[in-house]
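Below is one structure; the comments refer to it alone.
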Number of protein chains: 2
Amino acid sequence: MNLGAHNKNERHLTEKLSTSGFRFTPQRQSVYDVIMHKRDHPTAEEVFIRAKKQMPEISHATVYNCLDALVKSGLIRQVQLERGATRFCPNMEEHCHYHCGACGKVFDMALPKNFTDMPQPKGFKADHYDIAVHGLCADCAGKRKN
Amino acid sequence: MNLGAHNKNERHLTEKLSTSGFRFTPQRQSVYDVIMHKRDHPTAEEVFIRAKKQMPEISHATVYNCLDALVKSGLIRQVQLERGATRFCPNMEEHCHYHCGACGKVFDMALPKNFTDMPQPKGFKADHYDIAVHGLCADCAGKRKN
DNA sequence: GTGCCTCTTTAGAACTATTCTAAATCTTGA
DNA sequence: TCAAGATTTAGAATAGTTCTAAAGAGGCAC
């Protein structure tokens, strides 16, 4: 493992957490690592399972607490693609989620620069955008046709 | 009440339902009416409460069943704006939801014609778009400043 | 360094939204 | 009219999340 990168990552985490009034903890590090490592939009439950491998004593409630702290610190995003579990995403750029309704996979795509040029309700103060496209990924669309 | 419009509405409902293999029922009519009438993106629970006024014996499970049938028939949309309850929307045009994080209100805005011109994953077959902007509505943004 | 205050973690209970189940009822078509 | 299938109902079950209370850890004042 690249120790330099790891330390930089940890400094970034500590700094962002403390700016939002949170402490650095090994549990938060662990949850953050899980999400940064396999960037597949896991649910809280999936994060819990993966975090347990590194830190077997971590609890369910802690994972929720950590995810919440990371979201509030602007380190990860939460996305609500369908009924059911919230998913978490390490990509903080404005982007669009392509969600396959058959296999559940999620694909990130960058958005064109001007995409936020849409009419707004008068006086609305926009904070963040959630853009999702639901449909079938190439693999699943192929299977359906056959 | 305009009986002509009501009948047209009912014909539309019956036709759309049967095209998707569902029967017309008074419960489905009632749930549909609730959503068409006060177009404020209610949750299933809110729909239940309002439908009960017209039809006191309607059950929770039936409301979910009806909402599901209406969504599958393309008569309403379901939107997932945040953690928690799904909301339902009678606006079938492609539009964007402006969601106020303080008061919970949702504002529909039409989308520019070319908004779907965004890069897609290769071979992705898009079915529908969910575009949400989270922030503060004019009223709530004003209150925060003071 | 010690003590105190606050933040964090933990296990488990509680809660909310939704789905499932089984029985009763209604519709439709033969 | 009857049978088959769809729908409704109340209530149980489930999934995802939040809450609670107690224990543990970190940091600051003294």
Side-chain angles (χ1 to χ4, degrees), chain A residues 10 13-34 41-52 54-73 75-88 104, chain B residues 10 13-34 41-52 54-73 75-88 104:
Chain A
E10 183 167 327
L13 175 61
T14 307
E15 188 188 304
K16 283 285 210 171
L17 282 171
S18 74
T19 307
S20 303
F22 296 107
R23 292 190 186 150
F24 170 90
T25 69
Q27 287 86 347
R28 285 172 183 162
Q29 169 82 268
S30 184
V31 165
Y32 187 56
D33 287 350
V34 160
H41 306 81
T43 62
E45 183 63 24
E46 285 160 348
V47 172
F48 175 59
I49 291 164
R50 293 178 200 172
K52 257 183 124 63
Q54 301 299 314
M55 189 179 265
E57 71 287 0
I58 198 169
S59 81
H60 225 143
T62 299
V63 170
Y64 279 97
N65 166 345
C66 293
L67 289 168
D68 196 52
L70 294 171
V71 168
K72 290 204 176 113
S73 305
L75 286 155
I76 63 173
R77 281 163 173 267
Q78 54 181 305
V79 276
Q80 203 55 67
L81 287 170
E82 48 187 345
R83 267 188 202 177
T86 304
R87 292 152 172 268
F88 295 87
Chain B
E10 184 168 325
L13 175 61
T14 307
E15 188 188 303
K16 283 286 211 169
L17 281 171
S18 74
T19 307
S20 303
F22 296 106
R23 293 189 186 152
F24 171 90
T25 69
Q27 287 85 349
R28 284 171 184 162
Q29 170 82 269
S30 184
V31 165
Y32 187 55
D33 287 350
V34 161
H41 305 81
T43 62
E45 183 64 23
E46 285 160 349
V47 172
F48 175 59
I49 290 164
R50 293 178 202 173
K52 257 184 124 65
Q54 302 300 315
M55 190 178 265
E57 69 288 1
I58 198 169
S59 81
H60 225 142
T62 299
V63 170
Y64 278 98
N65 166 344
C66 293
L67 289 169
D68 196 52
L70 294 172
V71 168
K72 290 204 176 114
S73 304
L75 287 154
I76 62 173
R77 283 161 173 266
Q78 55 182 305
V79 277
Q80 202 57 67
L81 286 171
E82 48 187 346
R83 268 188 201 177
T86 304
R87 291 151 173 268
F88 296 87

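We name chains A, B, ... by the order of the sequence lines, and we start the count at 1 in each one.
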Within the supplied structure, the quantity of interest is the number of heavy atoms (other residues, nucleotides, ligands) at a distance under 6.0 Å from B/Glu45 CD; does it exceed 12?
yes
Determine the minimum heavy-atom distance between [X] and [Y], stating which atoms define it.
{"X": "B/Phe48", "Y": "B/His60", "answer": "CE1-N, 3.4 Å"}
{"X": "A/Thr19", "Y": "A/Glu15", "answer": "OG1-O, 2.7 Å"}
{"X": "B/Val47", "Y": "B/Pro42", "answer": "CG2-CG, 3.7 Å"}
{"X": "B/Phe88", "Y": "B/Ala44", "answer": "CE1-N, 4.0 Å"}
{"X": "B/Arg28", "Y": "B/Cys66", "answer": "CG-SG, 3.5 Å"}

Please tell me if the side chains of B/Val31 and B/Gln27 come closer than 4.5 Å, counting only heavy atoms from C-beta onward.
no
Rounded distance (Å) that lies between atom [atom2] of [N] and atom [atom1] of [X]:
{"X": "A/Glu46", "N": "D/dA15", "atom1": "CD", "atom2": "C1'", "result": "14 Å"}
{"X": "A/Ile58", "N": "C/dA11", "atom1": "CD1", "atom2": "P", "result": "10 Å"}
{"X": "A/Lys52", "N": "C/dT9", "atom1": "NZ", "atom2": "P", "result": "14 Å"}
{"X": "B/Tyr32", "N": "D/dT7", "atom1": "OH", "atom2": "C1'", "result": "20 Å"}
{"X": "A/Met55", "N": "D/dA25", "atom1": "CE", "atom2": "P", "result": "13 Å"}
{"X": "A/Phe22", "N": "D/dG26", "atom1": "CZ", "atom2": "P", "result": "18 Å"}

Is it true that a side-chain atom of [X] and a backbone atom of [Y] form a donor plus acceptor pair closer than 3.5 Å?
{"X": "B/Glu82", "Y": "B/Thr86", "value": "no"}
{"X": "A/Glu46", "Y": "A/Thr43", "value": "yes"}
{"X": "A/Ser30", "Y": "A/Pro26", "value": "no"}

Residues in residues 77-87 of chain A with a heavy atom under 4.0 Å of DNA chain D, by number, are A/Ala85, A/Thr86
Between residues 63-73 of chain B and DNA chain D, which residues have a heavy-atom gap below 4.0 Å?
B/Asn65
Check whether any side-chain nitrogen or oxygen of A/Thr25 sits under 4.0 Å from OP1 or OP2 of C/dT8, and answer yes or no.
no
On the nucleotide C/dT10, are OP1 or OP2 found under 4.0 Å from the side-chain N or O atoms that A/Ser59 carries?
yes
Under 3.5 Å, N/O pairs linking protein and nucleotides 21-29 of chain C:
| residue | atom | partner | partner atom | Å |
| --- | --- | --- | --- | --- |
| C/dT27 | O4' | B/Arg23 | NH1 | 3.4 |

Regarding the side chain of A/His60, the nearest nucleotide among D/dT9, C/dT10, D/dT17 is D/dT17
Contacts of B/Arg28 and A/Glu45 projected onto DNA chain D by closest heavy atom; the upstream (5') one is B/Arg28
Measuring from atom OG1 of A/Thr62 to atom CG of A/Asp68, what distance do you get when rounded to the nearest 0.5 angstrom?
12.5 Å
